[in-house]
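Report on the structure given below.
Both counts, for ligands and for their atoms, begin at 1 and track the order of listing.
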Amino acid sequence: MESKKRDIRALTREQLRDFFVSQGDKAFRGNQVYEWLWQKSAHSFDVMTNLSKATRDMLEENFVINHIQVDQMQRSSDGTIKNAVRLHDDLVVESVLIPTKTRTTACVSSQVGCSLDCKFCATARLKRMRNLNPDEIYDQVVAIDNESRLYFDRPLSNIVFMGMGEPLMNYNNVLKAIEKITSPEGLGMSPKRITVSTSGVPKLIKKMADEAVKFKLAVSLHSAIDETRTSIMPFNATFTLADLREALVYWYQKTKSRITYEYVVWEGINDQRKDVDALVEFCRFAPSKVNLIEYNPIDDGDFQQASNKAIEMYVETLEKNGITVTVRRSRGKDIDAACGQLANKSGS
Ligand code: SAH
């Protein structure tokens with residue numbers, strides 16, 4: 001019987017209203033339940049106190065609320081918090097709270113594992129098990145918002161889709177989650193405070209542009225030379241830089257939103273003048289800025305952070321060419337919570 005129950009959060013507001021009408025009840029009960037499920041993040045029917053006991057029992061008989069469970073919370077010496085998040089089918093993903101003086105950022109996962117094969121990323125070593133549902137993405141954000149209020153006395157301010165998985169390979173669910181997060185019926189957050197980070201799937205970048213999304217786009221570039229990029233991000237053989245570039249130009253034309261390129265400089269891989277020159281060239285096609293990310297070792301010796309001198313060369317050259325560049329220090333390294341380190345070590 002248990003398995004016959006439907007996940008109530010897969011229903012739209014209209015479907016919930018229809019359900020109540022089909023039960024001989026008033027449509028507005030659907031609104032009440034919808035509000036409990038999303039705005040108030042209810043994890044059980046029992047807490048829905050403006051419904052009669054009989055109605056709550058009836059919901060219980062028909063539906064489940066497949067909520068997440070924060071199994072384990074680790075705190076870094078720099079304040080970063082990593083949650084091991086257990087899903088209803090016992091799979092585990094991770095999400096991270098990153099506090100700064102003025103912001104709290106949630107770094108959320110979009111898939112269990114990842115189907116891409118970036119050589120430098122720990123998540124790539126877990127095979128992709130499944131996509132997360134919109135409510136599972138939403139719940140990660142709610143959990144981090146609660147932690148931010150509890151430990152830092154302020155609400156969550158920003159969200160980045162830089163946890164496990166490739167958000168564009170779970171396109172529909174990620175967009176549905178963002179819709180709920182930004183809607184006044186959900187968390188009412190501004191889409192300008194949300195960044196979707198992708199390895200770059202050209203067709204889907206164009207699709208987002210066509211849908212006039214309002215969130216920000218970050219692209220994990222790491223090299224603007226096809227041969228090099230393919231050697232560290234093999235899917236680049238299929239989604240080449242020329243296609244990516246065309247999609248990004250299209251994105252900017254449609255959205256007028258500046259693109260962020262995420263970029264790690266590794267010794268012997270992309271630390272030469274020709275690498276930075278190619279990046280400068282790539283940045284000319286659409287308004288953009290560059291985030292130089294520190295490499296977070298994933299316990300093998302293939303990749304090593306480039307020397308400070310190489311990073312200096314990047315910064316100087318980019319700045320000389322009028323391109324905004326920031327050097328981002330990693331957070332939460334001591335608990336394997338930094339970019340590319342999410343691999344369910346805590347959850348296993
Ligand atoms: N799949 C998405 C989002 C997840 S990765 C994407 O590729 O953008 C989030 C960021 O961390 C990406 O920029 C990724 O390239 C970077 N990253 C992955 N492994 C890393 C590592 N070991 N050290 C530093 N950054 C890493």
Side-chain angles (χ1 to χ4, degrees), residues 80 82 93-96 98 105-128 131-132 137 140 158-171 173-174 177-178 194-202 204-205 208 215-224 228-236 239 244 247-248 259-267 269-270 279 288-306 311 326-345:
T80 303
K82 180 166 84 171
V93 292
E94 293 174 335
S95 36
V96 182
I98 307 151
T105 300
C107 175
V108 297
S109 292
S110 55
Q111 298 182 309
V112 187
C114 189
S115 57
L116 299 185
D117 44 10
C118 304
K119 300 291 183 211
F120 46 82
C121 179
T123 309
R125 298 181 177 178
L126 309 169
K127 74 174 197 317
R128 190 197 76 93
N131 286 336
L132 295 191
I137 297 171
Q140 291 176 66
N158 296 72
I159 302 172
V160 293
F161 280 80
M162 294 186 191
M164 293 172 151
E166 167 51 49
L168 296 196
M169 294 294 193
N170 185 14
Y171 186 94
N173 291 350
V174 165
I178 293 177
I194 300 176
T195 301
V196 170
S197 174
T198 175
S199 296
V201 188
L204 296 174
I205 291 174
M208 284 195 296
F215 51 77
K216 295 196 171 141
L217 178 65
V219 174
S220 303
L221 193 60
H222 303 309
S223 174
T228 308
R229 193 166 192 259
T230 302
S231 73
I232 53 176
M233 302 169 83
F235 65 87
N236 184 72
F239 304 128
L244 177 60
L248 293 172
I259 303 146
T260 300
Y261 296 126
E262 293 155 276
Y263 202 104
V264 178
V265 189
W266 288 285
E267 198 174 290
I269 292 178
N270 57 356
L279 175 60
S288 48
K289 65 172 179 164
V290 174
N291 264 347
L292 292 180
I293 318 176
E294 200 182 334
Y295 175 56
N296 303 305
I298 53 164
D299 47 63
D300 78 12
D302 286 354
F303 289 90
Q304 243 182 347
Q305 167 94 15
I311 295 178
T326 50
V327 181
R328 259 198 350 220
R329 288 247 313 284
S330 273
R331 307 285 308 270
K333 264 194 187 179
D334 55 339
I335 53 167
D336 282 334
C339 281
Q341 289 188 315
L342 302 185
N344 286 346
K345 277 196 204 165

- Item | With Glu294 via salt bridge (charged side-chain N to carboxylate O under 4.0 Å, His left out) - residues at least two apart | Lys333
- Message: If the condition is salt bridge (charged side-chain N to carboxylate O under 4.0 Å, His left out), which residues does Arg328 pass it with, not counting sequence neighbours?
- Response: none
Check whether any side-chain heavy atom of [X] lies under 4.5 Å from a side-chain heavy atom of [Y], and answer yes or no.
X: Val264; Y: Leu292; result: no
X: Thr195; Y: Leu217; result: no
X: Ile293; Y: Tyr263; result: no
X: Ile232; Y: Trp266; result: yes

- Message: I want to know whether His222 and Phe120 have ring centres closer than 6.0 Å.
- Response: yes
Could you find the nearest protein heavy atom to [atom] and give me its residue, atom name and distance?
atom: atom 23 (N) of ligand 1; result: Asn296 N, 3.0 Å
atom: atom 10 (C) of ligand 1; result: Glu262 OE2, 3.7 Å
atom: atom 19 (N) of ligand 1; result: Gly340 CA, 3.1 Å
atom: atom 16 (C) of ligand 1; result: Cys339 CB, 4.1 Å
atom: atom 9 (C) of ligand 1; result: Met162 O, 3.6 Å
atom: atom 12 (C) of ligand 1; result: Ser220 OG, 3.0 Å
atom: atom 15 (O) of ligand 1; result: His222 NE2, 2.6 Å
atom: atom 4 (C) of ligand 1; result: Gly163 O, 3.3 Å

- Say whether Thr198 and Glu166, considering side chains only, have a donor N or O and an acceptor N or O under 3.5 Å apart. yes
- So, Asn170 versus Gln111: side-chain donor-acceptor pair below 3.5 Å or not? no
- Item | From CA spacing to verdict: side chain to side chain donor-acceptor pair (under 3.5 Å), Asn291, Glu262 | CA-CA 5 Å; Asn291 264 347; Glu262 293 155 276; over 6 Å; no
Run the numbers for me: atoms of ligand 1, each under 4.0 Å from some heavy atom of [X], listed by number.
X: Glu294; result: 24 (C)
X: Ser199; result: 1 (N), 6 (C), 7 (O), 8 (O)
X: Cys121; result: 18 (C), 19 (N)

- Query: Is there any N or O on Phe120 that sits under 3.5 Å from an N or O of ligand 1?
  - Reply: yes
- Is Glu166 close to ligand 1, meaning an N/O of one under 3.5 Å from an N/O of the other? yes
- Note on the structure: Rounding to 0.5 Å, atoms CG (Asn158) and CD1 (Ile98) come to a distance of 10.0 Å
- Is Gly165 in contact with ligand 1, taking contact as a heavy-atom separation below 4.0 Å? yes
- Have a look at Ser197, Pro297, Ala122, Ala218 and point out the one with the heavy atom closest to atom 2 (C) of ligand 1. Ser197
Taking non-hydrogen atoms only, is [X] closer than 4.0 angstrom to ligand 1 via side chain, backbone, both or neither?
X: Met164; value: neither
X: Val219; value: neither
X: Phe161; value: backbone

